[in-house]
Enquirer: 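Dropping a structure here in structure tokens format, bear with me for questions.
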Amino acid sequence: MNPLIASAAPVGPAALPSGAFSRWRRPWLGLMLVVVVACIQPPVSAQSADASRGVGAPAATAPGPRPYPTEAARWPGRGVVRVFGWMTDNRREFWLRREQEQGSVVFAGDSLTAGWTSLKKDFPSVPTANRGIGGDVSRGLLFRFEQDVLELHPKAIVLLIGTNDLSAQQRPADTLSNIAAMVSMARQRNAGVPIVLCTLPPRAHAQAPVEPARLAELNAGIKAMAAPERGVAVVDLFDAFTGRDGSIEFRYLAPDRLHLSAEGYARWGSVLAPVLAMLQTG
């Protein structure tokens, strides 16, 4: 067995509610590649510079999204990598919409973002583009961040990523490094683009538990990245999805207690809208 290949269960499209994107209705392809890299990659500054230039990624031979690397050393960032068959399909669909979605508020992340099917209706005053892919991790989003997000010349960026990193037992420090690299890439491309970082909401999936201390550490690190003077804001979804006593408000979660319910997306929208308005994206 290739020592770089292991298996792990994703927080992916299989568990999405019935209203999720049509692309999640495809049957599982039975192909899952999980590459876990034990070595530490270069510092964030070097990683983000390399990633912004596409260093380490194979060049596309035809118009379309850059293919996922097949070697661990060619991925930017740190930590676990996951590649599923539907991810390439999703990115091809993104590619086909890239011209009409120029200048949008771009939402980037995993299935928590991808499942926001009412996004355009919930934000009718601004153009939006959903770049969530089920099962994605922060390192995977870092790889595709240039093409899927920055090449849309976004009006603003809303970023929620990391729950699959926790499922894969990745160190919060590695996830935070990847998020910081994406912020750096966005700043290099457009120093004035508003960025909203979202903390991870709570979860209580029996088959995909996470250590509360790691979730708290990751969320604390995300909140520490807030820099209003530089246009970086934080929306605290963990706080928004819990009661005054700290207990989870389960009405905001789907039946699997991992993904979000319609009420959960409405709640996310209610706390995000004033932040976007403050950042003058409307």
Enquirer: Which heavy-atom pair separates P202 from I248 by the least distance, and what is that distance?
Expert: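 Minimum heavy-atom separation between P202 and I248: CB-CG1, 3.7 Å.
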Enquirer: Using 0.5 Å steps for rounding, measure from the CG atom of L112 to the CD1 atom of I161.
Expert: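 One finds 8.5 Å between CG of L112 and CD1 of I161.
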Enquirer: Is there a donor-acceptor pair under 3.5 Å between the side chain of N164 and the backbone N or O of D136?
Expert: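 Yes, N164 side chain to D136 backbone: donor-acceptor pair under 3.5 Å.
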Enquirer: What distance do F145 atom CZ and I157 atom CD1 have between them, rounded to the nearest 0.5 Å?
Expert: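 It is 4.0 Å, given to the nearest 0.5 Å.
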Enquirer: Can you tell if the side chain of S111 reaches within under 4.5 Å of the side chain of H259, non-hydrogen atoms only?
Expert: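 Yes, close enough: below the 4.5 Å cut-off.
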Enquirer: Given L200 and L237, is the side-chain contact (heavy atoms from CB on, under 4.5 Å) satisfied, shown in steps?
Expert: CA-CA 6 Å; L200 273 61; L237 293 184; over 6 Å; no
Enquirer: For Q170, does its backbone N or O pair with a side-chain atom of R214 as donor and acceptor, under 3.5 Å?
Expert: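 Checked: pair present.
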Enquirer: Could you go through the side-chain contact (heavy atoms from CB on, under 4.5 Å) check for R91 and Q147 one step at a time?
Expert: CA-CA 9 Å; R91 297 193 65 227; Q147 281 195 320; 3.2 Å; yes
Enquirer: Hey, can you tell me if W116 and F107 have their rings parallel, tilted or perpendicular (30° and 60° cut-offs)?
Expert: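 It falls in the perpendicular class, over 60°.
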Enquirer: Taking the six-membered ring of W95, is the NZ or CZ of R92 close enough (under 6.0 Å from the centre) and on axis enough (within 45°)?
Expert: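 Geometry flag: not set, cation outside 6.0 Å or 45°.
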Enquirer: Considering only residues two or more places apart or on different chains, which pairs with a residue in residues 212-246 satisfy ring pair (Phe, Tyr, Trp, His ring centres under 6.0 Å)?
Expert: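 Found F241-Y252.
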Enquirer: Name all residues meeting the side chain to side chain donor-acceptor pair (under 3.5 Å) criterion together with D239; count only those two or more places apart in sequence or in a different chain, and write none if there are none.
Expert: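 Testing D239 for side chain to side chain donor-acceptor pair (under 3.5 Å), a comparison that skips the adjacent residues, returns none.
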Enquirer: For a 4.5 angstrom cut-off between non-hydrogen side-chain atoms, does V83 reach W75?
Expert: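 Side chain of V83 against side chain of W75, heavy atoms only: contact under 4.5 Å found.
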Enquirer: Search all heavy atoms of K155 against all heavy atoms of P194 and return the closest pair with its distance.
Expert: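 Answer, listing the atom of K155 first, then P194: O-CD, 3.2 Å.
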Enquirer: If you take all heavy atoms of A114 and I133, which pair is closest and at what distance?
Expert: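 The pair with the smallest heavy-atom distance is CB-N, 4.2 Å.
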Enquirer: State the CE-CG distance between M182 and L150, to the nearest 0.5 angstrom.
Expert: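 M182 atom CE to L150 atom CG measures 10.5 Å (nearest 0.5 Å).
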Enquirer: Do M185 and L142 touch side chain to side chain, with heavy atoms closer than 4.5 Å?
Expert: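 Result yes, sub-4.5 Å side-chain heavy-atom pair found.
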Enquirer: Within the side chain of R139, is there an N or O that forms a donor-acceptor pair under 3.5 Å with the backbone of N178?
Expert: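 A pair under 3.5 Å: no.
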Enquirer: Could you report the tightest heavy-atom contact between E249 and R251, atom names first, then the distance?
Expert: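 Scanning both residues completely, I find the closest heavy atoms to be OE1-NH1, 2.6 Å.
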Enquirer: Do side-chain atoms of R187 reach the backbone of V193 as a donor and acceptor pair under 3.5 angstrom?
Expert: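 Such a contact is found between R187 side chain and V193 backbone.
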Enquirer: Output yes when a side-chain donor or acceptor of S138 lies under 3.5 Å from a complementary backbone atom of G162, and no otherwise.
Expert: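 Not at all, since once roles are kept as given, no pair shorter than 3.5 Å links the two residues.
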Enquirer: List the atom of A226, the atom of V234, and the distance in Å for their closest heavy-atom pair.
Expert: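 Taking every non-hydrogen atom into account, CB-CG2, 3.7 Å.
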Enquirer: Quick one, Y68 and V81 - any side-chain contact, counting heavy atoms below 4.5 Å?
Expert: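 When only atoms from C-beta onward are counted, V81 and Y68 do not touch, as no gap falls below 4.5 Å.
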Enquirer: What do the steps show when you test F94 against E101 for side-chain contact (heavy atoms from CB on, under 4.5 Å), and what is the final call?
Expert: CA-CA 9 Å; F94 296 162; E101 293 183 330; over 6 Å; no
Enquirer: Starting at CZ of R144, measure out to CZ of R66 and round the result to the nearest 0.5 Å.
Expert: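 Separation between the atoms: 12.5 Å.
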Enquirer: On a heavy-atom basis, which atom in V106 and which in P154 lie closest, and how many Å separate them?
Expert: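 Closest pair (atom of V106, atom of P154, distance): CG2-CB, 3.6 Å.
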Enquirer: With a 4.5 Å cut-off on side-chain heavy atoms, are L218 and L166 touching?
Expert: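 Yes, at least one pair of side-chain atoms sits under 4.5 Å.
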Enquirer: Is the side chain of W86 donor-acceptor paired with the backbone N or O of G134 at a distance under 3.5 Å, no angle test?
Expert: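 Yes; judged by distance alone, with no hydrogens or angles, the pair exists.
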Enquirer: Can you tell me how far the OG1 atom of T199 sits from the CG atom of L160, to the nearest 0.5 Å?
Expert: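 Those atoms lie 8.0 Å apart.
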Enquirer: From the options T113, V158, L141, L152, select the one residue that forms a side-chain contact (heavy atoms from CB on, under 4.5 Å) with R131.
Expert: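 Filter result, single survivor: L152.
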Enquirer: Could you state the interatomic distance from CG (L272) to OH (Y265), rounded to the nearest 0.5 Å?
Expert: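 L272 atom CG to Y265 atom OH measures 13.0 Å (nearest 0.5 Å).
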Enquirer: Before giving the answer on side-chain contact (heavy atoms from CB on, under 4.5 Å), spell out for K120 and F123 the whole-Å C-alpha distance, their side-chain angles and the decisive distance to 0.1 Å.
Expert: CA-CA 5 Å; K120 293 185 182 297; F123 292 91; over 6 Å; no
Enquirer: Would you say the side chain of R171 lies within less than 4.5 Å of the side chain of E217, judging by non-hydrogen atoms?
Expert: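 They are not in side-chain contact.
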Enquirer: Is a donor from one side chain sitting under 3.5 angstrom from an acceptor on the other, for R203 and S167?
Expert: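 Yes.
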Enquirer: How about N219 and D236: do any of their side-chain heavy atoms sit closer than 4.5 Å?
Expert: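 No. Closest side-chain heavy atoms not under 4.5 Å.
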Enquirer: For residues W268 and C198, determine if any side-chain heavy atom of one lies less than 4.5 Å from a side-chain heavy atom of the other.
Expert: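 Counting from C-beta outward, W268 and C198 do come under 4.5 Å.
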